[in-house]
Structure formats: C-alpha cells, structure tokens
Amino acid sequence: MVRAVLLGPPGCGKGTQATRACKARGLLHLSTGDLLRAAVRDGTPLGLKAQGFMDRGELVPDELVFALLRERLRSPSAGAGFLLDGFPRNVAQAGTLDLELGASGITRVVHMRLDDEEIVRRLLGRGRPDDTEPVIRNRLKVYRAETAPLIDFYDRRGLLVTIDAHGTLEAVAGRIDGVLFADPRGGRA
Ligand code: AMP
C-alpha cells in the first residue's frame, strides 16, 4: 500500500508527477493546490477566504486547507492508497496528518530537489496567475521557511528519499517510480 507525500519547491513537478503516477497505479491524487483553486473558481466561502493568501504566494491557513482534505482522506477511494501533492506544507500540517491517519500513516516521502534558478525558470514558463516574479519569490521564501523543515522531520522518521528533479519528465518519473513502486521498502518503511 502506497500512502506517500511528494515534497518539493514550487515548480519541481509535484503535480505533473503525482497526476501521472496516480493514473498509472490507480492511486488517489490529493493536491491541496488543485482543491483550493477549484474552491476559488467555484466562489465557495472557503475559496473566498483562501484567494488572497494564494494571490500573495502565502500559505492558506491550516484549518481551511485541512477542511478540504479531511473528507477526501476519509473517502473509500483513499483506501487503495494515495499520493499527497502540496500537503503537508509545514510541521503543524504534518502533525494534523499524523493524527488523522493514525496507525496507517505515511509510508514514504519523496523529496524532489531542484535548483533555485531552475525553479524560477519553470514557474515563469508556466503562466499560472500566481506565477508572477514577486509572487514566485515569496513562494520560495515561504517554502524555505515553512516547508523545507519537513525534509528533516521526515528524514528523522526514516521515511524520506531525495531524488533529483532536474531533467525530463520521463527521467524524473523513473526516479520516483523507483522509490515508490520498485523499491521493496516503497510500500512500507
Ligand atoms: P500549489 O499548487 O501546491 O503550488 O499551491 C498553490 C497555492 O495554494 C500555494 O501557494 C498556497 O497559497 C496554497 N496552498 C496549497 N497547498 C497548501 C497547503 N498545504 N497549505 C497552505 N496553503 C496551501
């Protein structure tokens, strides 16, 4: 059973790789960024609260994000395994996730490492509304301050594997699949 987290800076390819791997392996893809963007698009009360944070490249408050995620984690489709993409984003969210999952916790965390200049290059090429240069710079700052501590957090628990996120989609896919699906420890640390 794979219950994994893809962890990495904005632009590292988390979303692309999670979409691909989940489709190929029948896992549930849980992207808090996608869930939040859908809530903003639909103009839900939660979306209206989240929008300003997203526009500025800040983290949306934990309770709003988890309100979107909780029911999906509890859904039957999560029972066959899932990949989390963009969550947790800070140590508090990782703690909430632990409480929610209980004994059947996270099996692997794939840390996708990417150089700063490549991050900026990829995000500027992507053209999402929150991909302007000042917002990108802020998202990187937030990543380093809030999210990067999770690398150590999961490493200490023996769950972390770091892969190189440079190169083609196929090359990165091979590295991720090697960790999640080929490594005999991929299913359960
Ligand atoms: P992403 O698509 O994962 O890059 O997320 C886009 C934006 O949504 C981020 O810049 C945050 O504003 C917000 N967001 C996504 N996931 C989270 C999360 N787990 N916690 C807080 N904010 C989040």
Side-chain angles (χ1 to χ4, degrees), residues 3-22 27-74 78 82-101 105-106 109-116 118-151 153-154 159 165 169 172 176:
R3 290 182 300 274
V5 172
L6 294 190
L7 177 67
C12 73
K14 292 187 295 292
T16 306
Q17 293 293 343
T19 303
R20 175 200 60 77
C22 287
L27 301 171
L28 181 63
H29 177 198
L30 293 167
S31 160
T32 46
D34 286 352
L35 294 172
L36 286 164
R37 278 184 290 278
V40 170
R41 204 166 44 237
D42 296 346
T44 68
L46 192 152
L48 291 175
K49 284 186 203 152
Q51 180 155 30
F53 297 98
M54 297 171 77
D55 288 345
R56 294 188 294 272
E58 295 167 10
L59 294 186
V60 172
D62 295 345
E63 62 275 14
L64 295 183
V65 179
F66 205 68
L68 284 174
L69 190 61
R70 182 183 289 110
E71 62 186 278
R72 276 142 184 118
L73 276 173
R74 292 179 183 176
F82 56 79
L83 287 188
L84 278 165
D85 147 24
F87 187 96
R89 273 298 221 280
N90 59 32
V91 172
Q93 291 182 5
T96 307
L97 183 64
D98 279 344
L99 286 176
E100 173 65 28
L101 294 178
I106 292 299
V109 177
V110 181
H111 167 219
M112 301 172 68
R113 202 193 55 75
L114 194 67
D115 292 339
D116 282 4
E118 180 64 8
I119 294 172
V120 174
R121 199 185 66 77
R122 286 193 194 180
L123 292 182
L124 284 175
R126 191 166 72 170
R128 234 169 52 187
D130 60 345
D131 284 341
T132 63
E133 202 161 345
V135 176
I136 290 173
R137 222 173 286 127
N138 195 39
R139 288 167 69 201
L140 264 178
K141 206 169 98 190
V142 169
Y143 176 77
R144 286 200 201 92
E146 305 269 333
T147 310
L150 290 174
I151 297 167
F153 177 92
Y154 284 120
L159 292 175
L169 196 158
V172 178
I176 290 175

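Whatever order the structure lists ligands and atoms in, that order sets their numbers, starting from 1.
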A.B. asks: Is the shortest side-chain N to carboxylate O distance from Arg89 to Asp62 below 4.0 Å?
C.D. replies: no

A.B. asks: Around atom 16 (N) of ligand 1, find the nearest protein heavy atom and jot down its residue, atom name and distance.
C.D. replies: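 Nearest protein contact, heavy atoms only, for atom 16 (N) of ligand 1 is Thr32 OG1, 2.8 Å.
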
A.B. asks: Provide the number and element of each atom of ligand 1 under 4.0 Å from a heavy atom of Arg128.
C.D. replies: 2 (O), 4 (O), 6 (C)

A.B. asks: Check for a donor-acceptor pair, side chain of Glu146 on one end and backbone N or O of Glu58 on the other, with a separation under 3.5 Å.
C.D. replies: no

A.B. asks: Answer with side chain, backbone, both or neither: which part of Leu36 has a heavy atom less than 4.0 angstrom from an atom of ligand 1?
C.D. replies: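 Only the side chain of Leu36 comes within reach of ligand 1.
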
A.B. asks: Tell me the contacting part of Val60 for ligand 1: side chain, backbone, both, or neither, using a 4.0 Å heavy-atom threshold, strictly below.
C.D. replies: both

A.B. asks: For atom 5 (O) of ligand 1, what is the nearest protein heavy atom, given as residue, atom name and distance?
C.D. replies: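 Going by distance alone, atom 5 (O) of ligand 1 is nearest to Arg89 NH2, 3.3 Å.
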
A.B. asks: When you compare ligand 1 with Asp85, is there at least one nitrogen or oxygen pair between them that comes in under 3.5 angstrom?
C.D. replies: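 N/O-N/O distance under 3.5 Å: no.
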
A.B. asks: Enumerate the atoms of ligand 1 whose separation from the nearest heavy atom of Glu58 is less than 4.0 angstrom.
C.D. replies: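 Once the distances to Glu58 are compared, the set is 11 (C), 12 (O).
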
A.B. asks: Purely on distance, is any nitrogen or oxygen of Gly57 under 3.5 Å from one on ligand 1?
C.D. replies: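 Checking ligand 1 against Gly57, no N or O pair falls under 3.5 Å apart.
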
A.B. asks: May I ask you to identify the nearest protein heavy atom to atom 7 (C) of ligand 1, giving residue, atom name and distance to one decimal place in Å?
C.D. replies: Met54 CE, 4.1 Å

A.B. asks: Please work out, at 4.0 Å between heavy atoms, whether the side chain, the backbone, both, or neither of Glu146 comes within that distance of ligand 1.
C.D. replies: neither

A.B. asks: Ignoring angles and geometry beyond distance, decide whether Arg139 reaches within less than 3.5 Å of ligand 1 through its nitrogen or oxygen atoms.
C.D. replies: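 Among all N and O atoms of Arg139, at least one is under 3.5 Å from an N or O of ligand 1.
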
A.B. asks: Quick one: look up the protein heavy atom nearest atom 6 (C) of ligand 1 and list residue, atom name and how far away it is.
C.D. replies: Arg37 NH1, 3.5 Å

A.B. asks: Within the distance-only criterion (no hydrogens, no angle test), does the side chain of Asn138 pair as donor or acceptor with the backbone N or O of Val135 below 3.5 angstrom?
C.D. replies: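 Flag not set: sc Asn138 to bb Val135 has no pair under 3.5 Å.
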
A.B. asks: Closer than 4.0 angstrom: is that true for some heavy atom of Lys14 and an atom of ligand 1?
C.D. replies: no

A.B. asks: Could you list which atoms of ligand 1 come closer than 4.0 Å to a heavy atom of Gln93?
C.D. replies: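 Per the distance check, 18 (C), 19 (N), 20 (N), 21 (C).
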
A.B. asks: Run the side-chain donor-acceptor check on residues 35-47: report pairs under 3.5 Å with partners two or more places apart or on a different chain.
C.D. replies:
unit_1	atom_1	unit_2	atom_2	d
Arg37	NH2	Asp34	OD1	2.9
Thr44	OG1	Ala39	O	3.4
Thr44	OG1	Gly47	N	2.9

